[in-house]
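Here is the structure we will look at, set down as structure tokens.
These numbers come from the heavy atoms of this one structure, side chains and all, not from hydrogens, waters or symmetry mates.
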Amino acid sequence: FPNSFLLGVTATPERLDGKGLGLMFDDMVVGPSVAELTAQGFLSPADVYAPSKPDLNAVRSRAGDYAGTDLEVAMDKPSITGSAVSHYTKLAAGKRACVFCVSVKHAKDVAEDFRRAGYNSHHVDGSMDIAERDKILEDFERGTVQVLTSCDLISEGFDIPAIEVAILLRPTQSLSLYLQQVGRAIRIHPDKTSTIVLDHAGNTARHGFIDEHREWELTDGSVRKKREGEQAPAARTCPECYAVHRPMPVCPKCGHVYKINN
């Protein structure tokens, strides 16, 4: 169809490796932002907590993101998973949570740790029997499965509005991947008034809040390189409740008053 038009529709108009979509498209029409859609009631507001931050000093980069093998070593640790389980228990116990993991093994290990803590938790991956996987997803949507873990399978194109919690256990240099992961959880649903994001990967500090204003560009080269050297929008983590919020003198979640440095 040589005379046809190609219309691409996406919430993240750049590739996962940070390159623009200019080789495929000629023009970009920017729709309403996450902040605008949230204000209009079409998306759920996100409450972000960052109880821990991983040590990535030994993690190499490959193909524009952290190397998977190094990342698994850094993230598949009892201290990190234990923090995720304990803060889920503290802040969101029983709510339907999606956990974004580094690898299939990591997803299996995390699911097992949540089960040990008394939660009905399952992992899903592409090698599973389709009927088995569909049954787990149906149980998750109904709420009988409380915690769903995965690597990549539920990061994009996955639509269960009932998700109430996003647990980030996969650090990423990709803005698109980060937005897609948190985006799985901010769909509106009658059972929730807001979404909880437990960021144990440092992605909010790295990329900013999901509802941050972003200038998207249509280019056939790297959009990420143009952002190098730019700092992520300022965010403050409360030392008492670990809520992540824009700078202000008092934590909006627990009321902690920050000391003023003279």
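The minimum heavy-atom distance between C238 and H256, with the atom names listed, is SG-CB, 3.7 Å. Closest approach of G68 and R62 over heavy atoms only: N-NH1, 4.5 Å. Residues P51 and D199 share a closest heavy-atom pair of CD-O, 4.1 Å. Across all their heavy atoms, A46 and I186 have their closest contact at CB-CG2, 4.3 Å. Taking both residues in full, the closest heavy atoms of V145 and F140 are given as O-CD1, 3.3 Å, listed atom of the first, atom of the second, then distance. Counting all heavy atoms, side chain and backbone alike, A234 lies closest to P247 at O-CD, 3.5 Å.
Under the 4.5 Å side-chain criterion, counting only non-hydrogen atoms from C-beta, H123 is not in contact with S150. Side-chain contact check for T149 versus H122: every heavy-atom pair is 4.5 Å or farther apart. By the 4.5 Å heavy-atom criterion applied to side chains, T69 and E72 are not counted as neighbours.
With rounding to the nearest 0.5 Å, the separation of CG in L43 from CG in D211 is 10.0 Å. Residue K53 holds its NZ atom at 7.0 Å from CZ of R206, rounded to the nearest 0.5 Å. Rounding to the nearest 0.5 Å gives a distance of 9.0 Å between CG of L56 and CD of Q173. Put simply, OG on S121 and CZ on R116 are 11.0 Å apart, with the number rounded to the nearest 0.5 Å. To the nearest 0.5 Å, atoms CE (M28) and OG1 (T219) are separated by 9.5 Å. Remark: R15 CZ to M24 CE distance equals 10.5 Å, nearest 0.5 Å.
At least one donor-acceptor pair closer than 3.5 Å links the side chain of Y178 to the backbone N or O of G208. Without hydrogens or angle criteria, S4 side chain to F1 main chain gives a donor-acceptor distance under 3.5 Å. A donor-acceptor pair under 3.5 Å is formed between the side chain of K192 and the backbone N or O of I163. Under a 3.5 Å cut-off, the side chain of Q40 and the backbone N or O of L37 do not form any donor-acceptor pair. Distance alone, capped at 3.5 Å, is enough to place a donor-acceptor pair between the S174 side chain and the L16 backbone. The backbone N or O of F114 lies less than 3.5 Å from no partner atom in the side chain of Y88, so there is not a single donor-acceptor pair. Looking only at distances, no side-chain donor or acceptor of S83 sits under 3.5 Å from a matching main-chain atom of S79. With hydrogens and angles disregarded, no donor-acceptor distance shorter than 3.5 Å links the side chain of S44 to the backbone of R187. Checking side-chain atoms of K253 against main-chain N and O of Y242 turns up no donor-acceptor pair under 3.5 Å. When atom types are taken as modelled, the side chain of S103 and the backbone of H106 share a donor-acceptor pair closer than 3.5 angstrom.
Salt-bridge annotation for R246 and E212: present, with a side-chain N of the basic residue lying under 4.0 Å from a carboxylate O of the acidic one. Under 4.0 Å is where a charged nitrogen must lie from a carboxylate oxygen, and between K135 and E138 no such pair does. Ion pair K108/E112 not flagged as a salt bridge, since none of the NZ, NE, NH1 or NH2 atoms sits closer than 4.0 Å to an Asp/Glu carboxylate oxygen. A salt bridge does not link D125 to R133: none of the charged side-chain nitrogens sits closer than 4.0 Å to a carboxylate oxygen.
Criterion: ILVMFWY side-chain heavy atoms under 4.5 Å apart, direct or through other members. Under it, I80 and V73 are not part of a common hydrophobic cluster. Both W216 and V182 belong to a single network of hydrophobic side chains, linked directly or stepwise wherever heavy atoms of I, L, V, M, F, W or Y lie under 4.5 Å apart.
A cation-pi arrangement is present between R236 and Y258, with the terminal nitrogen or guanidinium carbon under 6.0 Å from the aromatic centre and inside a 45° cone about the axis.
Defined by atom type and a distance below 3.5 Å, a donor-acceptor pair is missing between the side-chain atoms of T195 and E164. Side chain to side chain, T12 and Q180 meet the donor-acceptor criterion of an N or O pair below 3.5 Å. For T172 and D65, the side-chain atoms include at least one donor-acceptor pair closer than 3.5 Å. Side-chain N/O atoms of T237 and Y49 include no donor and acceptor closer than 3.5 Å.
Atom CZ of F25 has more than 12 neighbouring heavy atoms from other residues, nucleotides or ligands inside a 6.0 Å radius. Other residues, nucleotides and ligands place no more than 12 heavy atoms under 6.0 Å from the CZ atom of R60.
Among the candidates L137, N120, V99, the single residue satisfying the side chain to side chain contact (heavy atoms under 4.5 Å, CB included) test with L148 is L137.
Partners of L7 by side-chain contact (heavy atoms from CB on, under 4.5 Å), not counting sequence neighbours, listed by chain and number: V9.
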Worked verdict on F100 versus I167 for side-chain contact (heavy atoms from CB on, under 4.5 Å): CA-CA 6 Å; F100 299 95; I167 302 178; over 6 Å; no
